[in-house]
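Input: a single structure, listed below in structure tokens.
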Amino acid sequence: MSDEIRDPQDFIRQMVATDRATGKHDGHIVTRFPPEPNGYLHIGHAKSICLNFGIAHENAGVCHLRLDDTNPSKEDLEYVEAIQQDIHWLGFDWDLLRHASDYFEVFYRGAEKLIRTGNAYVCDLDADSVRDYRGTLTEAGKNSPYRDRNIEDNLDLFRRMRAGEFAEGAKTLRAKIDMASGNINLRDPAIYRIRKVLHQNTGDAWCIYPMYDYAHCVSDALEGITHSLCTLEFEDHRPLYDWFLQQLDLPGDPSLTEPLHEKGQWLPPSTPRQIEFARLNIDYTILSKRKLMALVRDNLVTGWDDPRMPTLCGMRRRGFTPAALRDLIRRIGVTKQNSVIEFGLLESCVRDDLDTHAPRRLAVLNPLKLVLSNWPDQAVEIIQLPNHPKDASCGVRQLAVAQELWIEQEDFSENPPKGFRRLVPGGEVRLRGIGIVRCNALIRDSSGWVTELDCTLDPDTRPGLPGANRKVKGTIHWVSVRHAIEVEIRLYDRLFDIANPDQVDEGKSYRDYLNPDSLQILKAWAEPSLAAAEAEQHYQFERLGYFVADRYEHSAKTPVFNRTLSLRDSWSRRQQG
RNA sequence: UGGGGCGUAGCCAAGUUGGUUAAGGCACCGGAUUUUGAUUCCGGCAUGCGCAGGUUCGAAUCCUGCCGCCCCAGCCA
């Protein structure tokens, strides 16, 4: 009997294990992550990345990054650079970087083969007519009037398409399969369309571009992919995926892959298996590139990397760590069930990682002055505080204490609710690392607002003294008024007010549910050591939460910290009922 | 009778060939520890596996019939 914690064994990993065990593909495993460079990667992509790279690594295999650039009218170089950076940040590296456009010549030869074998034809129907001929979900379609063109005409027409003789939309190359199929993807799907646009990789070399269904399976085969993982909506496409590969027979037809030899990109073609899994959904967020793009375009957020965005670069800037994201993906598993992960699970992963790795610091967000009346007027004492309560290897830091301190307004109450464990008039509380203080008097302004607490420090409770062990109901944080530095704090909350912004009442859109309080900027006082923080350094500000020095806008001169998330807070939850 | 998927707790999710008390995590609820109302630790949390029948000594697992949810009619991916 073994009590070891088993590595995740989802249904895909089980299939892979079986294939390895039975010697399929000679026991080799090759996967790929194939983003289309038309937007930034988000947490949903992280699932695919972790799956593809993870499975490859667990099985001594390799994983390629393939930029799926078959539609030049939507894609951009900005995205391909961002994609690579995000994958690296997540902690993965590809064994091979390819573009679908590397294979354009092979796609073309394959298309001619489909024509020659009577499996494809040039169709003159315009887009609207194609739709009419396609039929509906419950009615069969009709054959295109161009379906029975002879092979010579088809070949000639297709070559002229490539030569640029026809206008955009005038003709398509279509697979000849079955217009009556219950699977609409098999009703003579388009293989090539005419697009007279510059391609970011191939320039003006082409004016015809292959469709996803054709390009994807062929790309997979050309790269020797063994397991082609994709999301559920492609389940219906699998018969087409298999059909193209069977008609083409890449492994058995070297003339097709010949162009790759001179480019140094030839690999033994495989017969990959497409396997579908459920995409990741998270409540209170949207993960549609189109909608994320709109938020950026319309300035509803500051950019793709706004810390409120579910993009990888946004989460990075928010202070979420790659390890936490990987842990989330590990925890949620892989199945074919549509599901919505609670945001709280992500938070749990982040707290888990940050609790063990983030050094502790003190900062006060909403200051209230506390004066130690029995502290010598100008005296300054240097105390030491551990950087981590449970990890001595994190070391200690020094902190100056003087007579005037800032504490959190919330940590004092004149009329405390039941169960309040902080400072009250006449009560005691421990100041972290200093000792126990008693509140003797309140100083008020003309409107009666408490502006200052007059306190005395019990000298017997200084750290290291036996009296320090005296129990007191609460411990609060502080900074020295004379020594604290001013910092900018950015507090983030969920971007949307409702759990499912993708599914809203009629006439409404996700935009109607943006949380107006998702960003709050304030000035705060922090311990001086934070001026030396490096950008992207994570901290726990004790009792407040986890913060990260902003990747771009933080500097020693103008420190900026983003709150990644708060600490778990059973007190405020109890207060709110 | 268009095609393809999926139903195990509030949210995820193990459970594979039918075999003792239906893993685990998150959330939640108790309690212990605590110079962070944090962390950590301990305990609780499905007489039940979409529903209804059936087969069997025994069913989340097999059979039948229902019900519910998701995806597909781009010259997007």
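FYI, side chains are in, hydrogens and waters are out, and symmetry mates aren't considered; it's all heavy atoms of this structure. Naming: A, B, ... by sequence-line order, numbering from 1 per chain.
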Q: Name all residues meeting the salt bridge (charged side-chain N to carboxylate O under 4.0 Å, His left out) criterion together with A:R149; count only those two or more places apart in sequence or in a different chain, and write none if there are none.
A: A:D124

(Q) The criterion is salt bridge (charged side-chain N to carboxylate O under 4.0 Å, His left out); which residues satisfy it with A:D327, sequence neighbours excluded? (A) A:R330, A:R331

Options [options], nucleotide nearest the side-chain atoms of [X]:
{"X": "A:N183", "options": "B:G3, B:C70, B:C12", "value": "B:G3"}
{"X": "A:M211", "options": "B:G5, B:A73, B:C76", "value": "B:C76"}
{"X": "A:L137", "options": "B:G2, B:C76, B:G5", "value": "B:G2"}

Interatomic distance, [X] [atom1] vs [N] [atom2] [rounded to whole Å]:
{"X": "A:Q503", "N": "B:C70", "atom1": "CD", "atom2": "C1'", "result": "10 Å"}
{"X": "A:R330", "N": "B:C12", "atom1": "CZ", "atom2": "C1'", "result": "13 Å"}
{"X": "A:D69", "N": "B:A77", "atom1": "CG", "atom2": "P", "result": "11 Å"}
{"X": "A:F107", "N": "B:C75", "atom1": "CZ", "atom2": "C1'", "result": "17 Å"}
{"X": "A:I184", "N": "B:C72", "atom1": "CD1", "atom2": "C1'", "result": "6 Å"}
{"X": "A:E235", "N": "B:A77", "atom1": "CD", "atom2": "C1'", "result": "17 Å"}
{"X": "A:R279", "N": "B:C12", "atom1": "CZ", "atom2": "P", "result": "16 Å"}

Using the test side-chain hydrogen bond (donor to acceptor under 3.5 Å, both in side chains), find all partners of [X] that sit at least two apart in sequence or belong to another chain.
{"X": "A:D353", "value": "A:T321, A:H357"}
{"X": "A:E381", "value": "A:R462"}
{"X": "A:D411", "value": "A:R422, A:R543"}
{"X": "A:D391", "value": "A:S393"}

Take atom [atom1] in [N] and the same atom in [M], then report the distance between them in whole Å.
{"N": "B:C62", "M": "B:U8", "atom1": "P", "answer": "16 Å"}
{"N": "B:C41", "M": "B:U47", "atom1": "C1'", "answer": "30 Å"}
{"N": "B:U21", "M": "B:C67", "atom1": "P", "answer": "34 Å"}
{"N": "B:C42", "M": "B:A22", "atom1": "C1'", "answer": "23 Å"}
{"N": "B:A60", "M": "B:C6", "atom1": "C1'", "answer": "16 Å"}
{"N": "B:C45", "M": "B:G24", "atom1": "P", "answer": "11 Å"}
{"N": "B:A13", "M": "B:U20", "atom1": "C1'", "answer": "23 Å"}
{"N": "B:C75", "M": "B:C11", "atom1": "P", "answer": "38 Å"}

Strand partner of [N], provided both Watson-Crick or wobble distances fall under 3.5 Å:
{"N": "B:G43", "result": "B:C29"}
{"N": "B:A52", "result": "B:U64"}
{"N": "B:U1", "result": "none"}
{"N": "B:U21", "result": "none"}
{"N": "B:U34", "result": "none"}
{"N": "B:A73", "result": "none"}

Report yes if at least one side-chain N or O of [X] is closer than 4.0 Å to OP1 or OP2 of [N]; otherwise report no.
{"X": "A:Q14", "N": "B:A14", "result": "no"}
{"X": "A:R13", "N": "B:U16", "result": "no"}
{"X": "A:R134", "N": "B:G74", "result": "yes"}

With a 4.0 Å cut-off on heavy atoms, is [X] in touch with a base, just the backbone sugar-phosphate, or nothing at all?
{"X": "A:L125", "result": "base"}
{"X": "A:D236", "result": "base"}
{"X": "A:F234", "result": "base"}
{"X": "A:S348", "result": "sugar-phosphate"}
{"X": "A:A127", "result": "base"}
{"X": "A:T70", "result": "sugar-phosphate"}
{"X": "A:H477", "result": "nothing"}
{"X": "A:V472", "result": "nothing"}

Q. What is the glycosidic conformation of B:G74: syn, defined as within 90° of 0, or anti?
A. syn

Q.
For nucleotides 31-39 of chain B, give me one character per nucleotide, 5' to 3': B if any protein heavy atom sits under 4.0 Å from the base, S if the only such contacts are to the sugar-phosphate, - if neither.
A. ----BBBSB

Output a table of donor-acceptor pairs, distance under 3.5 Å, between side-chain atoms of residues 161-171 of chain A and any protein atom two or more places apart or on a different chain; print 'none' if there are none.
residue	atom	partner	partner atom	Å
A:R162	NH2	A:E105	OE1	3.2
A:E165	OE1	A:R160	NE	2.7
A:E165	OE1	A:R160	NH2	3.3
A:E168	OE2	A:K196	N	2.7

Q. Can you list, by residue number, the residues of residues 332-339 of chain A that have a non-hydrogen atom closer than 4.0 angstrom to RNA chain B?
A. A:I332, A:V334, A:T335, A:K336, A:Q337, A:N338, A:S339

Q | Residues in contact with RNA chain B, drawn from residues 157-173 of chain A - heavy-atom cutoff 4.0 Å | A | A:G169, A:T172

Q) Taking only residues two or more places apart in sequence or in another chain, which ones pass side chain to side chain contact (heavy atoms under 4.5 Å, CB included) with A:P386? A) none

Q.
Using the side chain to side chain contact (heavy atoms under 4.5 Å, CB included) criterion, which residues pair with A:R20? Sequence neighbours excluded.
A. A:I29, A:N59, A:A60

Q: Go through the steps to decide whether A:E276 and A:H237 satisfy the test side chain to side chain contact (heavy atoms under 4.5 Å, CB included), and finish with yes or no.
A: CA-CA 10 Å; A:E276 311 84 11; A:H237 296 239; over 6 Å; no

Q) Do the two ring centres, one from A:F541 and one from A:F547, sit under 6.0 Å apart? A) yes

Q | Ring centers of A:F158, A:Y192 separated by less than 6.0 Å | A | yes

Q. When you check the gap from the basic side-chain N to the acidic O, do A:R470 and A:D460 get nearer than 4.0 Å?
A. no

Q. Does A:E342 make a side-chain donor-acceptor contact with the base of B:G10, cut-off 3.5 Å?
A. yes

Q.
Counting C-beta onward and ignoring hydrogens, is there a side-chain heavy-atom pair between A:R66 and A:Y103 closer than 4.5 Å?
A. yes

Q | Crowding at CZ, A:R279 (>12 non-hydrogen neighbours, <6.0 Å) | A | no

(Q) Judged by each residue's nearest nucleotide on RNA chain B, which is more toward the 5′ side, A:R331 or A:P34? (A) A:R331

